[in-house]
Amino acid sequence: QVQLVESGGGLVQPGGSLRLSCAASGIIFSIYNMGWYRQAPGKQRELVATITNGGSTSYADSVKGRFTISRDNAKNTVYLEMNSLKPEDTAVYYCWLPNHWGQGTQVTVSS
């Protein structure tokens, strides 16, 4: 059974940083592309960043230069390092792999 468990969300001031983690189980982690999505209140879920099984990354324009996605295949974990956070980054962040979602972790950027 596939499980994705996110952690690392919280409340942070504008300009601050957070690091999200997503631990995967029940899969051969290293062969899968992984990603992070987010959903703000009243808005559709949107793609934030992806990382291929080979380590190639891509980002939404809104987070380029501020967010970094990475993976540790030995730990079956994907990360999202978020810097220079803005109030508009406030959302529930979801870990993704094809056909599976994590439960989400809340990120709130507010003074």
Side-chain angles (χ1 to χ4, degrees):
Q1 183 178 354
V2 178
Q3 279 195 315
L4 300 173
V5 180
E6 299 102 333
S7 61
L11 174 64
V12 64
Q13 292 187 341
S17 299
L18 281 175
R19 188 196 198 200
L20 305 183
S21 300
C22 172
S25 59
I27 58 170
I28 303 174
F29 180 82
S30 60
I31 69 173
Y32 284 97
N33 299 339
M34 302 289 296
W36 288 94
Y37 282 72
R38 67 186 181 187
Q39 188 166 19
K43 294 188 177 181
Q44 288 189 329
R45 193 172 296 191
E46 63 174 0
L47 178 64
V48 175
T50 61
I51 185 165
T52 69
N53 54 9
S56 297
T57 59
S58 64
Y59 299 91
D61 287 344
S62 59
V63 306
K64 278 181 183 176
R66 300 188 298 122
F67 290 12
T68 302
I69 188 171
S70 61
R71 64 191 297 160
D72 185 337
N73 289 339
K75 295 183 178 180
N76 283 11
T77 300
V78 62
Y79 304 98
L80 186 67
E81 183 77 34
M82 305 185 294
N83 298 313
S84 301
L85 282 161
K86 305 175 182 180
E88 51 263 44
D89 294 318
T90 295
V92 178
Y93 284 71
Y94 296 91
C95 181
W96 169 88
L97 69 88
N99 300 313
H100 296 281
W101 296 92
Q103 82 286 355
T105 186
Q106 177 69 47
V107 171
T108 302
V109 184
S110 175
S111 55

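This one's a predicted model, so the numbers in the text were calculated from it and none came from an experiment.
Environment of CD1 in I31: crowded, with over 12 heavy atoms of neighbouring residues, nucleotides or ligands closer than 6.0 Å.
Rounding to the nearest 0.5 Å places OH of Y59 at 8.5 Å from OG1 of T50. Rounded to the nearest 0.5 Å, atoms CD (Q44) and CD (Q39) are 8.5 Å apart. Considering OG of S110 and CG of L85, their distance stands at 12.0 Å, rounded to 0.5 Å. One finds the OH atom of Y94 at 13.0 Å from the CG atom of L4 (value rounded to the nearest 0.5 Å).
Under the side chain to side chain contact (heavy atoms under 4.5 Å, CB included) rule, S30 has a single partner from N53, N76, N73, which is N73. E81 pairs with exactly one of L20, L18, T68 by the side chain to side chain contact (heavy atoms under 4.5 Å, CB included) rule, that one being T68.
With a 4.5 Å cut-off on side-chain heavy atoms, V2 and L97 count as touching. Side-chain atoms of E6 and Q103, non-hydrogen and from C-beta on, do get closer than 4.5 Å to each other. At a threshold of 4.5 Å between non-hydrogen side-chain atoms, the residues V63 and R38 count as touching. Two residues are said to be in side-chain contact when any heavy atoms from C-beta on lie closer than 4.5 Å; I51 and Y32 fail this criterion. Using a 4.5 Å cut-off on side-chain heavy atoms (C-beta onward), V78 and W36 make contact.
Ring orientation note: the planes of F67 and Y93 are tilted relative to one another, at an angle of 30° to 60°.
Under 3.5 Å, the side chains of S17 and N83 contain a donor-acceptor pair of N or O atoms.
For the residue pair N99 and W96, the shortest heavy atom distance occurs at N-NE1, 4.3 Å. Contact detail for A40 and A91: the closest heavy-atom pair is N-CB, 3.8 Å.
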For the pair W101 and R45, evaluate side-chain contact (heavy atoms from CB on, under 4.5 Å) and give the outcome as yes or no after the intermediate values.
CA-CA 12 Å; W101 296 92; R45 193 172 296 191; 3.2 Å; yes
M82 and V12: CA distance, side-chain angles, deciding distance, side-chain contact (heavy atoms from CB on, under 4.5 Å) verdict
CA-CA 11 Å; M82 305 185 294; V12 64; over 6 Å; no
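Using a cutoff of 4.0 Å between basic side-chain nitrogens and carboxylate oxygens, D89 and K86 are not scored as salt-bridged.
A donor-acceptor pair is defined here as one N or O able to donate and one able to accept, closer than 3.5 Å; such a pair exists between the side chain of T90 and the backbone of V109.
Both the sub-6.0 Å distance and the 45° axial angle are satisfied by R71 relative to the ring of F29.
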